[in-house]
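Contents: one structure, followed by commentary.
These numbers come from the heavy atoms of this one structure, side chains and all, not from hydrogens, waters or symmetry mates. Because the structure is a prediction, the values reported are computed rather than measured. Both ligands and their constituent atoms are indexed starting at 1 by order of listing.
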Amino acid sequence: MREFIIAGNWKMNKDLSEVRSFISEVADGLKTKDMKGITAIVAPAFPFLGVSYEGLSDSPLKLSAQDVSMHEKGAFTGEVSALMLESISMPYCIIGHSERRSYHAEDDALIREKLLALASVGITPILCIGESLEERDSGDTEDVIISQLEGCLKDVNIYSDKDLVIAYEPVWAIGTGRTASGEQAQEVHALIRRWLEERYSAELSKKISIIYGGSMKPENIEGLISKPDIDGGLIGGASLEAASFLKMIDSAIKIRNG
Ligand code: PEP
């Protein structure tokens with residue numbers, strides 16, 4: 001069975017004390033939950049990865065970085081390398097988020113380099129792809145998704161579910177309060193899974209978690225993750241409050257247990 005993933009992308013939010021209290025509240029809340037088949041992840045800003053890690057102690061809550069450099073080391077002021085993340089035991093890293101694509105001009109070729117940097121140290125990339133509103137309205141969603149997959153995964157070998165998580169994040173739904181319907185999202189998730197099957201194998205395509213992102217919240221999560229190819233969520237705004245994050249984990253447990 002594929003892993004359900006509930007991942008909070010905190011972006012540039014929270015200070016030290018807010019990070020500490022979230023981690024302690026969620027680690028506490030998870031103690032009584034049956035997390036079988038469910039991975040809960042939060043992605044704090046870089047300065048707080050260390051304190052978050054210390055706050056976890058034996059909690060099943062996992063951490064993710066929000067980005068990584070394509071470079072291995074050297075004179076790249078402000079950048080953080082995959083090796084640095086690996087040295088603090090980071091299990092996941094988000095790459096290709098639409099905010100990085102639009103504010104930092106990241107393209108599929110650069111995102112592929114980041115993916116390879118993570119692969120070289122065994123960190124699982126959470127690869128974000130998704131169409132803009134203009135692309136959806138002009139009927140280009142499928143072409144855009146396939147082209148992003150082909151660009152980001154060109155000549156990249158994937159052997160197991162530890163090598164890749166895909167986040168389908170329609171750009172028009174991120175931070176807008178506008179969510180894709182379960183049907184709209186399922187259609188794209190099924191397309192991604194078919195692509196994985198053709199590009200890699202049927203066996204592998206069944207193992208890779210494909211999560212949805214775009215204004216997911218406690219009120220709409222169940223309608224999305226109950227679809228057959230939607231294996232959880234990458235959640236921005238609604239992941240900032242511990243209570244809301246824990247509610248979404250409860251929804252994942254409920255759907256998982258049928
Ligand atoms: C995101 O940033 O990945 C995201 C999905 O944000 P939000 O949930 O706020 O739309």
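Side-chain N or O atoms of Asp229 include none that pairs as donor or acceptor with a backbone N or O of His189 at under 3.5 Å. Remark: the backbone N or O of Ile221 is not paired with any side-chain donor or acceptor of Ser251 at under 3.5 angstrom.
Near ligand 1, Asn9, Lys11, His97, Glu169, Ala173, Ile174, Gly175, Gly213, Gly214, Ser215, Leu234, Ile235, Gly236, Gly237 each place a heavy atom less than 4.0 angstrom from the ligand.
The closest side-chain donor-acceptor pair between Ser132 and Glu135 falls under 3.5 angstrom.
Listed by chain and number, the hydrophobic cluster partners of Val144 come to none, as no ILVMFWY side chain reaches under 4.5 Å of it.
By the salt bridge (charged side-chain N to carboxylate O under 4.0 Å, His left out) test, Arg136 is found to be paired with Glu131, residues two or more places apart in sequence or in another chain being considered.
Applying the side chain to side chain donor-acceptor pair (under 3.5 Å) test to pairs two or more places apart or on separate chains, those with a residue in residues 32-41 are Glu3-Thr39, Lys33-Asp250.
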